[in-house]
Visitor: 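Before I ask anything, here is the structure I am working with.
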2 protein chains.
Amino acid sequence: MPESMTMFRLEGLPDFQQGDDLAQVIIDTFQAQQKALVAGDILVIAHKVVSKSEGACAYLDQITPSADAIELAKTVNKDPRKVEVILFQSKRIVRAVKRPDQQEGVLIAEHKNGYICANAAVDESNADHPGQLILLPENPDRSAQLLCQRLEAHFQCDLGIVISDTFGRPWRLGQTNVAIGLANVPGVMKMEGEMDAFGRPLSVTAPAFADELAAASGLLMEKSAKAPVIVFRGLDWPKTDSQSRDLIRAQNEDLFK
Amino acid sequence: MPESMTMFRLEGLPDFQQGDDLAQVIIDTFQAQQKALVAGDILVIAHKVVSKSEGACAYLDQITPSADAIELAKTVNKDPRKVEVILFQSKRIVRAVKRPDQQEGVLIAEHKNGYICANAAVDESNADHPGQLILLPENPDRSAQLLCQRLEAHFQCDLGIVISDTFGRPWRLGQTNVAIGLANVPGVMKMEGEMDAFGRPLSVTAPAFADELAAASGLLMEKSAKAPVIVFRGLDWPKTDSQSRDLIRAQNEDLFK
């Protein structure tokens, strides 16, 4: 394990629109900054730029809410069209809540990809205009892998990518970034068989490596800073055929619920 | 917000015993490594070295389990004396679980300081010998603040400290480090009133800054590496009169339960 590492933000990225070639824009921006990626670098990328370039967005003026959405919208004081989009993105609604001090409540949902999060990750912040909702990429692992292949081909070295979103947490206040799409980067580091510093087996230690990276990226990824790409340099990690569902606990194994 | 930051591990720390002067050992170790702390540095410190030096430990051979502990121990196949210690550290047991594939189950507990975690953070790993259980420090914020005052006096600059523990998470696999004691470092960054990149209010964005730091520390803090002190350099953060309970969601506000 290395003694130190650095993190830096890729400055100078433009706004993204559907159809933009995200990989090429990232490559061009590195070149414009006279920077390059080196072997072992990991990029944490806020999903919004992936979603926008892939067109993973919904538009309120194109949505006709279902009866279910209209009914659910009343309990949380949300636009029924937004609720329709949330339902479409979800396997199930875990909880619908509106506290008295909230203008608009929240739907805790299981996203169709398995993540449990607020409003099935359907988001208005950093949308390009009112009425646009940003969704998660259709297949964030695939997005990460395609992007990683392009960057590896250009920079001629092994790289890793974590696509992140910002989630709230049960029991704890504030949000952290979590990993929702992976290329090469292990979701969870398996440490079975290793010993602790006193020679006893570390049987239950399994650091959520990709989530550690995602959370760390938040230290340099201010929402208001248009800084969706953070580079981690100096870590030692095993290139892995990983998927974001490696980080999702099976419902029947959830000890915390 | 800075464009880059570095993290490094303080090498060369010894094992800790009750009565050790943790602040002085850290200072001496920095000096031995010809390193110094500079203004704005934040140290994330694994609680185990704080607990050990403060003697926040229990010893199985000194514990007589209560009838409640004996009963609960059966459901999770734990040593009843360990369950007695867990109960003593807890406000309540949230859930007792033993999966068929587990030799020993887990008690999800609300620690008396408010954290919800496995076995009320009572831990055998990295104990000095079998039968020793490491507890959380009695008052982790106070521990962090005293340590921070000593380090600030020595290095003559403003510093921050996060004391961390390793927690599992609902819904997601793997563990991350979280903040359980704070000195100067904000638990949650308040971003109310700020605007996103498109000028809309970021009303619900509140990064869990101390947990971002704690999670990031896991990238360099391998359990087996005896590396309990990680330094973050280059961040821009407001010195704050903070407490670890700033990160704890009130039970009646928990939208995820």
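Order of the sequence lines sets the chain letters (A, B, ...), proteins ahead of strands, with each chain counted from 1. These numbers come from the heavy atoms of this one structure, side chains and all, not from hydrogens, waters or symmetry mates.
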Visitor: With a cut-off of 6.0 Å (strictly less than), are more than 12 heavy atoms of other residues, nucleotides or ligands near CZ of A:R92?
Guide: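 It does: A:R92 CZ has more than 12 such atoms within range.
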
Visitor: With a 4.5 angstrom heavy-atom cut-off, is it the side chain or the backbone of A:L10 that approaches chain B, or both, or neither?
Guide: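 Neither part, no heavy atoms under 4.5 Å.
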
Visitor: With chain B as the partner, which of A:I248, A:T176, A:L219 has the greatest number of non-hydrogen pairs under 4.5 Å?
Guide: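 The answer is A:L219.
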
Visitor: For A:R169, is there any backbone N or O sitting under 3.5 Å from a side-chain donor or acceptor partner on B:R249?
Guide: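 Side chain of B:R249 to backbone of A:R169, a donor-acceptor pair under 3.5 Å: yes, one is there.
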
Visitor: Given a strict heavy-atom distance threshold of 4.5 Å, which part of B:D246 is in contact with chain A: side chain, backbone, both, or neither?
Guide: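 Contact with chain A involves the backbone of B:D246 alone.
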
Visitor: Hey, are the side chains of A:M7 and B:L235 touching, using non-hydrogen atoms and a 4.5 Å cut-off?
Guide: no

Visitor: Heavy atoms only, distances under 4.5 angstrom: which of A:A215, A:A214, A:G187 has the most pairs with chain B? Name it, please.
Guide: A:A215

Visitor: If you round to the nearest 0.5 Å, how far is CG of A:N177 from CD of B:E212?
Guide: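 Going from the CD atom of B:E212 to the CG atom of A:N177 covers 6.5 Å.
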
Visitor: At their closest point, which heavy atom of B:E3 faces which heavy atom of A:L220, and how far apart are they?
Guide: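 B:E3 and A:L220 have their closest heavy atoms at O-CD1, 3.8 Å.
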
Visitor: Only counting residues at least two apart or in another chain, list the ones meeting ring pair (Phe, Tyr, Trp, His ring centres under 6.0 Å) with B:F16.
Guide: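 So B:F16 forms no ring pair (Phe, Tyr, Trp, His ring centres under 6.0 Å) with any residue.
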
